[in-house]
Amino acid sequence: MRSFTFTHAITRKPSASIVAGLRAVDTGTPSLALMTQHHADYIAALKATGATVVELEALEDFPDSVFVEDTALCLPEGAVVMRPGAPSRLGEAARMAPHLQALYKHVLHIENPESFIEGGDILTTETEILVGRSARTNATGIAELAARVALWDYKVREVFTPPGVLHFKTDCSLLDAETILSTTRLAASGCFEGYRVIPVAEGEEPCANTIRFNDAVIMPQGFPRTRDTLLAQGYKVVEIGNTECAKLDGGMSCLSLRFSPS
Ligand code: CIR
C-alpha cells in the first residue's frame, strides 16, 4: 500500500553539463547557478517535512542526471531500477542502483534489452501503479515492470500519455489517496476514473508536475491560480523556482526519488 509518509528522498546535484541536457524545444540554456539555487530550495523543502535527504554528487557524464526520478521506482517493499528510453540516460540507472541497495533489502532490475521505462511515466496510487506509454516507455518495459512488482502484489495499469508530452507525470500528480492534480488534456483520456481530479488552471499546465511529500505539496513557482485552488482545498503548498529545469522539461517530481524502505 502507498503511504504518504516518506522517510527518505534521494537527489543528485546538477552538473555543469546540464547545459547539454535533453529538451523537446530549445527555450534557452539553463543557468547552472540558478538551477543549483532552486535545487537547494527544493532539498530544504523536503528536509523541512522531517525526511532524510541523500544528496548524491553530480555526474558530469550524464547531463540529465539531476532528474533522478527516471532511474528507479521506489516502493515500500523494494526498488526497481529502470531502463531509461533516452540513450544518453540509460547509464544513469546503474549509477543509482548502489545507493538504493544501501537503503533497501530488495532491489530488482528491468533487464530485458527490449524494455524501456522511465520513472517519470509511473504514478503509484494507493491501489495501483499507472504507467504511461511514451516516447521513453514501451509496452515491453511496462510488462516487465508488471512482472517484477507482482512479487509484492502491485497491479500495473497501462495508460496514455498525451502526444508531445514527455512523461505521463509531466501532466499529473498524486495529492492524496483519492486525489490527482491533472491537466485537462490528460484527464480527458478517462484514465483517472474513480479518482477525484483537481484540474490545473488553463494555461498553467507545467505545474501539473508537483509532489505530495509528507505534509507538503511542493509545486513550481509562477502558477498562482492552481496554487490558490490547492490552498483553498486545504493543502499546504510550498513553491520552488523551476525556471531552469523547465528549460529541460523537468518539474518537481523528477528531482527526487521519495520512499520509506521497510
Ligand atoms: C529528459 O528529457 O530526460 C530530461 N531533460 C528531463 C527529465 C524529466 N523527468 C521527469 O519529469 N521525470
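Indexing begins at 1, ligand by ligand and atom by atom, following the structure's order. Along the sequence shown, residues carry numbers from 1. These numbers were taken from a predicted model, which means no experiment stands behind them.
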Completion exercise
By salt bridge (Lys or Arg N to Asp or Glu O under 4.0 Å), Asp26 pairs with (sequence neighbours left out) Arg23

Practice task
Quick one: do Asp121 and Arg136 satisfy salt bridge (charged side-chain N to carboxylate O under 4.0 Å, His left out)? Show the steps, please.
Solution key: CA-CA 8 Å; Asp121 282 315; Arg136 303 288 181 82; over 6 Å; no

Fill in the blank from the handout: Nearest heavy-atom approach of Leu73 to Val149 is CD2-CG1, 4.4 Å

Practice task
Applying salt bridge (charged side-chain N to carboxylate O under 4.0 Å, His left out), run through Glu144 and Arg83 and close with a yes or a no.
Solution key: CA-CA 11 Å; Glu144 185 168 352; Arg83 269 184 55 80; over 6 Å; no

Problem - Those protein residues which place at least one heavy atom below 4.0 Å from ligand 1 - result: Leu22, Asp64, Phe67, Glu69, Asp70, Arg89, Gly120, Arg136, Leu166, His167, Leu248, Asp249, Cys254

Determine all donor-acceptor pairs shorter than 3.5 Å in which one atom belongs to a side chain in residues 29-48; sequence neighbours excluded.
{"unit_1": "Ser31", "atom_1": "OG", "unit_2": "Ala33", "atom_2": "N", "d": "3.4"}
{"unit_1": "Ser31", "atom_1": "OG", "unit_2": "Leu34", "atom_2": "N", "d": "3.0"}
{"unit_1": "Thr36", "atom_1": "OG1", "unit_2": "Leu32", "atom_2": "O", "d": "2.7"}
{"unit_1": "His38", "atom_1": "ND1", "unit_2": "Gly241", "atom_2": "O", "d": "3.3"}
{"unit_1": "His39", "atom_1": "NE2", "unit_2": "Arg12", "atom_2": "O", "d": "3.2"}
{"unit_1": "Tyr42", "atom_1": "OH", "unit_2": "Met252", "atom_2": "O", "d": "2.6"}
{"unit_1": "Tyr42", "atom_1": "OH", "unit_2": "Ser256", "atom_2": "OG", "d": "2.6"}
{"unit_1": "Lys47", "atom_1": "NZ", "unit_2": "Glu55", "atom_2": "OE2", "d": "2.9"}

Handout entry: Side-chain hydrophobic cluster, 4.5 Å single linkage: members besides Leu100
Key = Ile10, Val54, Leu56, Val68, Val81, Met96, Leu103, Tyr104, Val107, Leu257, Phe259

